[in-house]
Amino acid sequence: TLYKIITFSAVQKSCNYIYFQNRSRYFLVGSNNAQTKHRVLKIDRTEPRDLVVIDDKHVYSQQELRELLGRLDLGNRTKIGQKGSSGLSRAVSAFGIVGFVRFLEGYYIILITKRRKVADIGGHSIYKIEDTNMIYIPNDSVRVTHPDEARYLRMFQNVDLSSNFYFSYSYDLSHSLQYNLTLLRIPCEPAEVEGLHSSCSKQDSFDIFEDEGLPTQVGTGVMVHGLKNEPYAKYVWNSRLLERIKDTVHPDWLMYIIHGFCGQSKLLIYGRPVYVTLIARRSSRFAGTRFLKRGSNCEGDVANEVETEQIIHDASVMSFTAGSYSSYVQVRGSVPLYWSQDISTMMPKPPIRLDQADPYAHVAALHFDQMLQRFGSPIIILNLVKKREKRKHEKILSEELYRAIINLNQFLSPEHCIDYIAWDMARYTKSKLCNVLDRLGMIAENVVKRTGFYINRSDFHCHTLRPDERWGDLGGLVVAHGRLQTGVLRTNCVDCLDRTNTAQFMVGKCALAYQLYALGMIDKPKLQFDTDCVRLFEELYEDHGDTLSLQYGGSQLVHRVKTYRKIAPWTQHSKDIMQTLSRYYSNAFSDADRQDAINLFLQVYQPSESKPHLWELPTDFYLHQSNTMALPQERRSYTYWWSDGVLSYLPLPYDEVPCEKNKKKVLVKRVNRYEESTDMYTEFFKPYELTSFDDTFCIAMTNSAREFMPKSVGLDPSPFTVRKPEETGKSVLGNKSNKEEAVLQRKTAASAPPPPSEEQISSSSEDDSEEDREDDATASQRSTPIKIGESGDNPARETYGLNLSALPRDEDFFIYHRSVCLESDIPVSSFDGDSIYEMLPPRVDLESRNLFENHIHAGQGLIRPLCREDLLLYREYLKNRYM
């Protein structure tokens, strides 16, 4: 049986909504892409405060919908037969429902009116919200006004839905690719399928071919199993807005949005397209701004928690079942402790304080229990906060986090213990001659080897022909259909912005090399800086970091990858200062308003006349700490701090194993394989309607060949070739005219010290020994300063691009010899009897000859008899086109 991912059925896939209104009701019409199936949602406008939504669960054809709207239009006219005073008017066209919200008066409906396609994964389109519209539902005649309604409305609209909110009609963005594709392999019993199979209406079951003995819609030949799973609520930002209608309307109406970042770039490897997609999911729990949300709440949800997933797939094959897809997931988040910073002093770095004693690491246990359920083991923590300071500031967090990890690990088995790596990245950066990225690269290599990555294909034959010793040491779980990532890297500094983004980039770069090697794109799992591939990936990660930094900190990144490589131009320092001032201004003056807007949007605070207004609350601490206002009925164990069943499946994540609890979250339904909800080809290319290239290929993504490949002739077009900054198609230094500065910066980047040994990578926070005090001294002994006047390059090589002092290679002599032979009569082809003057006729098999003859006969009017597949295809064409 063929399995497909279906998160929304056929009506929802289209996402075309038309909003009609009269004085007593709103009518929301949802249609699919082919405009063949429609649903109608009726919203009552006579209730001043309650939300009354009616869904008859019926799928209308185009003719039925036209008749229904005609009857509504006729029945709502003020006078019978008067066409000018129609009571049914078209209000707005939309692409989806964000949700319903109420403040102090009646309910509002939030509709998506503009969208933009930003990525494509396996034929599933991912859209960014560009514009929304809030419509007040109750009629003016029944509206009960309140003086504070307008203020709440302005506060709610401070959450800009057109800024980094994403959705998809057919792909679950709240889950990782590994989770979504693992669903396809969950075994389902026939009894379960039949129990969930909804009955079809007479209109749906009508088939004009049922008298010809061909299989109908209920036959087994054209039926497949469709899957629908529940979204992961932690990363859904409109779940509270859909609560009132979730149990009353058909699931096709429910559309879940995520907040964070989504970007896609195209890597061209000698014309072969490979899509690099980066998806960041921001947690909707304990969400907020920089200084107002620190640490964790009482349920283990941390501030600024973002799950970043990089997906690599061969774009020449679109299908999930036939294509090659790989993904790698990593997480960032605040230190999972009770801590905060007092911003009332107006200091750039307010002092860190621990708000509550937690000797048994109760909050950290809740947080890591969530991670074990979602990612499995090992959980690797990369702590980048400072370890040595004159006055204790960040070190407070390092010491407390280390104690918590030691306390939790004593109850876990050694193979599933939480790994802790503490490294003072800021202190190491201060050394002028140390290369931070070399040490991060070593950490990244060890992390990726332990966690592995996901790929839906088994090893290629090229891995046997070109084996690599690092490939055999790779971790994760090897299964029959590929590899699974087990465990995850959790990176944090204090803000989880600048240092964290650079560390995640280095880990992502290392994982990208293994992913490309697994897909057969490169001959060894290693990527070097200053290649088109890494520059494209770095640009994608900087956009990702800037977006997340603006959402949490109020400004873009201050320190970037180029800053830590020490190749940033001198103009970058002034930009860093401006970003620092922008971040300080945002934190001091606008963060409080943004925090109130987030609390209102996520429905953490719901306005009511019986409680104080949101702006009157001295703090929102009690809004995010749910159990502080009541005594807990059951105290969680301090020793068995994990959930039931989690340890029995490790290292696999509990959410992905086919246990009974997880099977209840997945709905299985038998559908026709030609349905729009399962046939990605029909949904993406729309063969039954006239489309244009601009609509089908509408993503203006970054292209490695266009943006980074050199424009000069003669250079290697491979995206894995190391290039000088002046050779690339896009400036990476910011000042291409100053050649001397570019040479100096390139040599500074090349003057990296040798990478430290694995013994030097700290695995605890208590290595504050003499080694740290003498860090700068040892670094200066390892490295030799480079003078501007030194040049190890041959001037001839610098001018002409090749070393003239050495003899040509044997391969060059062979190419030259063949070109000289072209002027003579000597055949240059390696095939017998085949030359540039004479050629053997091609060999054509019987099947190709028959196909060509049928094509010629069809042009002459001699049509061959139709086979069973032709009748099936024609039947589906008639059904989609006319029914």
Distance flag, aromatic centroids of F320 and Y325, threshold under 6.0 Å: yes

Set of residues satisfying salt bridge (charged side-chain N to carboxylate O under 4.0 Å, His left out) with respect to R457, sequence neighbours excluded: none

Residues that A280 engages under side-chain contact (heavy atoms from CB on, under 4.5 Å), provided they are two or more places apart: F261, V306, T308, H544, L548

Y360: partners by ring pair (Phe, Tyr, Trp, His ring centres under 6.0 Å), with sequence neighbours left out: Y638

Partner set under side chain to side chain donor-acceptor pair (under 3.5 Å) for D56, not counting sequence neighbours: Y60

Derivation and outcome, salt bridge (charged side-chain N to carboxylate O under 4.0 Å, His left out), residues R285 and E305: CA-CA 9 Å; R285 297 174 183 172; E305 183 175 7; over 6 Å; no

Partners meeting side chain to side chain donor-acceptor pair (under 3.5 Å) with N407 (sequence neighbours left out): Q410

By side chain to side chain donor-acceptor pair (under 3.5 Å) - contacts of R281 (at least two apart): E307, E309

Within the 6.0 Å centroid threshold, strictly below: Y127 and F95: no

Check: Y235 ring centre within less than 6.0 Å of Y232 ring centre: yes

Residues that V236 engages under side-chain contact (heavy atoms from CB on, under 4.5 Å), provided they are two or more places apart: S174, P231, N238, S239, Y256

Residues in ring pair (Phe, Tyr, Trp, His ring centres under 6.0 Å) contact with W641, at least two apart in sequence or another chain: none

Summary of salt bridge (Lys or Arg N to Asp or Glu O under 4.0 Å) pairs that have at least one residue in residues 316-335, sequence neighbours excluded: none

Set of side-chain contact (heavy atoms from CB on, under 4.5 Å) partners for A303, sequence neighbours left out: F286, K293, S334, Y552

Any residue meeting side chain to side chain donor-acceptor pair (under 3.5 Å) with N456, in chain and number order, not counting sequence neighbours: none

Test side-chain contact (heavy atoms from CB on, under 4.5 Å) applied to C659 - qualifying residues, sequence neighbours left out: Y649, Y654, V657, K661, N662

Ring-ring centroid check Y169 F167, cutoff 6.0 Å: yes

